Amino acid sequence: MRWILLLIAGWIILVVGLFLGSLSGTIAEQQFNVSRNIRLFIQGIVMSGLVVPTILYLYQRVYRLTGIKPKKPVYSWKKAYHFITGVLLAITLASLGFIIAYSQGWITIEQWYTPNYWLTALLINMVIAFLYEALPEELALRGIIYDVLRHRFVAWLAVLVQTLLFLSVPIVVNQIQAAVGLAPGNSINLSYIILILCFGICLQLLRLWTKSLWTTMGFHLTYLEISRFVISPNGYDVPPIVTYHESVLGLGGLFISFCMIIMGGIIVSLLILGVKRFMRKSSNSTQSSLL
């Protein structure tokens, strides 16, 4: 039952890292009156500082369990170029979303702001979001947790269980925060649950066809920045990259962020995985006919 222990260990370290990160940031803000960005940076340092080395250590246990240690692990620096794959895919899907929403009259572009307004804030938030969200979450959830599940189950079931564990993390952390008197980090409602479930599936599928966690990190990070600096640009004290008017409140943002980026990412991944599977079967059939 070592696989269950590894699964639980990977999930627990993510929950603990997320909670201690938020706790550290809150203490720094209350005791030392640090700025919002410093608080968030502290949260990111604590989160990645706990999760990343622990997961990399646990991965060595996973390799012993499976008896297979790949030459290029999914987190290998040699696959880091796939970070750009994730970034470009998210930007492409978001851009298509804007084009479609504009052509259908769902949004009207009001103003584009030049980078001198928002670039510094964007870059700072990218560093914070990478340390606090994209890096540790992808390494733990789409990385070791999925690999342990895949060792025991078929791919679709491993993807499903990983996604449910992804959803359970913020729910459990919220409960711990409430128990110790901290403000919950997320508002758990039906729309949030649907978002997390679909996002978890999307990210896992991206890893499957690129065989790299860097793809999921790039896509995850880009989705967050588009959401924060385009779709819902609140709380960053800078103008958004673009302002637009929606014919129906919330319709344009929902279409771009959810339908195009997340659901579009799922569709693209399924198409690519389907093509790769067809090509693999065709290759095997050709080889069999030659024997």
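Just so we're clear, the structure is a prediction, and the values are computed from it rather than from any experiment.
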| field | Shortest non-hydrogen contact between Tyr59 and Gly143, atoms and distance | value | OH-C, 2.9 Å

| note | CD1 (Ile91) and CD1 (Ile226) are apart, to the nearest 0.5 Å, by 6.0 Å

| message | In the structure I gave you, are the side-chain heavy atoms of Val275 and Leu271 within less than 4.5 Å of one another anywhere? | response | no

| query | Taking side chain as C-beta onward, heavy atoms only, is Gln162 less than 4.5 Å from Leu203? | reply | no

| field | Chi angles and distances behind the ring-ring contact (aromatic ring centres under 6.0 Å, His included) call for Trp118, Phe229 | value | CA-CA 8 Å; Trp118 46 261; Phe229 287 86; 7.6 Å; no

| Ile55 with Leu5, same ILVMFWY side-chain cluster at under 4.5 Å | no

| More than 12 foreign heavy atoms under 6.0 Å from CG of Leu249: is that the case here? | no

| task | Hey, could you give me the CD1/CG distance between Ile201 and Leu206, rounded to the nearest 0.5 Å? | result | 12.0 Å

| note | Of all heavy-atom pairs linking Val46 and Ser24, the shortest is CG2-OG, 3.7 Å

| Among the clusters formed by ILVMFWY side chains lying less than 4.5 Å apart, do Ile84 and Trp209 turn up in the same one? | yes

| query | To the nearest 0.5 Å, how far apart are OG1 in Thr26 and CD in Gln31? | reply | 11.0 Å

| query | Just how far is it from atom CD1 of Ile145 to atom CD1 of Ile8, taken to the nearest 0.5 Å? | reply | 10.5 Å

| task | Please examine the side chains of Arg64 and Arg61, heavy atoms only from C-beta on, and report whether any two atoms are closer than 4.5 Å. | result | yes

| query | Is there a donor-acceptor contact under 3.5 Å from the side chain of Glu138 to the main chain of Arg142? | reply | no

| task | Write down the atom of Asn174, the atom of Gly185, and the distance for their closest heavy-atom approach. | result | OD1-N, 3.3 Å

| Would you say the side chain of Ile107 lies within less than 4.5 Å of the side chain of Phe255, judging by non-hydrogen atoms? | no

| Do Glu137 and Phe166 have side-chain heavy atoms sitting under 4.5 Å apart? | yes

| said: Applying side-chain contact (heavy atoms from CB on, under 4.5 Å) to Ile124 and Thr120, what does each step give before you reach the verdict? | reply: CA-CA 6 Å; Ile124 291 172; Thr120 300; 3.9 Å; yes

| task | Count the heavy atoms of every other residue, nucleotide or ligand shown that sit under 6.0 Å from CG of Asn189, and state whether that count exceeds 12. | result | yes

| field | Beyond-backbone contact of Val148 with Leu58, side-chain heavy atoms, under 4.5 angstrom | value | no

| query | Ignoring hydrogens and geometry, is there a side-chain-to-backbone donor-acceptor pair from Ser48 to Ile45 under 3.5 Å? | reply | no

| query | At their closest point, which heavy atom of Ala90 faces which heavy atom of Ile261, and how far apart are they? | reply | O-CG1, 4.3 Å

| Within a strict 4.5 Å, meaning less than it, do heavy atoms of the Met47 and Leu131 side chains meet? | no

| field | Crowding at CZ, Phe41 (>12 non-hydrogen neighbours, <6.0 Å) | value | no

| request: Please step through side-chain contact (heavy atoms from CB on, under 4.5 Å) for the pair Leu139 and Ile144, ending with a clear verdict. | output: CA-CA 7 Å; Leu139 192 59; Ile144 194 169; over 6 Å; no

| request: Report the distance from atom CG of Asn33 to atom CD1 of Ile38, rounding to the nearest 0.5 Å. | output: 12.0 Å

| Polar side-chain atom of Glu246 near backbone of Gly252 as donor-acceptor pair, under 3.5 Å | yes

| request: Look at the side chain of Ser103 and the backbone N and O of Ile100, then say whether any donor-acceptor pair between them is shorter than 3.5 Å. | output: yes

| Can you tell me if CG on Asn116 sees more than 12 non-hydrogen neighbours from other groups inside 6.0 Å? | yes

| query | Can Asn37 and Ser35 be counted as having a side-chain donor-acceptor contact under 3.5 angstrom? | reply | no

| field | Phe219/Tyr223 under ring-ring contact (aromatic ring centres under 6.0 Å, His included): CA gap, chis, key distance, verdict | value | CA-CA 6 Å; Phe219 191 94; Tyr223 171 81; 7.3 Å; no

| Among the clusters formed by ILVMFWY side chains lying less than 4.5 Å apart, do Tyr81 and Ile272 turn up in the same one? | no

| Tyr117 atom OH, over 12 foreign heavy atoms within 6.0 Å | no

| request: Indicate the atoms forming the closest heavy-atom contact of Ala129 with Arg228, along with that distance. | output: CB-NH1, 3.7 Å

| task | Establish whether Ile27 and Val34 are linked, either directly or via other cluster members, by ILVMFWY side-chain heavy-atom contacts under 4.5 Å. | result | yes

| message | Is it the case that over 12 heavy atoms from other parts of the model lie below 6.0 angstrom from the NZ atom of Lys211? | response | no

| Hey, is OH on Tyr102 packed in by over 12 heavy atoms from elsewhere, all under 6.0 Å? | no

| Any donor-acceptor pair under 3.5 Å linking the side chain of Arg150 with the backbone of Phe153? | yes

| Rounded to the nearest 0.5 Å, how far apart are CD1 of Ile267 and CE of Met260? | 8.5 Å

| Hydrophobic cluster identity match, Phe199 and Leu190, side-chain contacts under 4.5 Å | yes

| task | Could you tell me which non-hydrogen atom of Ile68 sits nearest to which non-hydrogen atom of Pro70, and how far apart they are? | result | O-CD, 3.8 Å

| said: Pairing donors with acceptors under 3.5 angstrom, does anything connect the side chains of Arg39 and Gln43? | reply: yes

| query | Hey, mind stepping through Thr215 and Arg207 against side-chain contact (heavy atoms from CB on, under 4.5 Å) and telling me if it holds? | reply | CA-CA 6 Å; Thr215 312; Arg207 183 218 145 152; over 6 Å; no

| said: Is any side-chain heavy atom of Val238 closer than 4.5 Å to one of Tyr113? | reply: no

| field | Under 3.5 Å: donor-acceptor pair, side chain of Lys79, backbone of Trp214 | value | no

| Heavy-atom neighbours of Tyr57 OH exceed 12 at 6.0 Å | no

| said: Run Cys198 and Phe258 through side-chain contact (heavy atoms from CB on, under 4.5 Å) and show every step you take. | reply: CA-CA 9 Å; Cys198 293; Phe258 182 74; 3.8 Å; yes

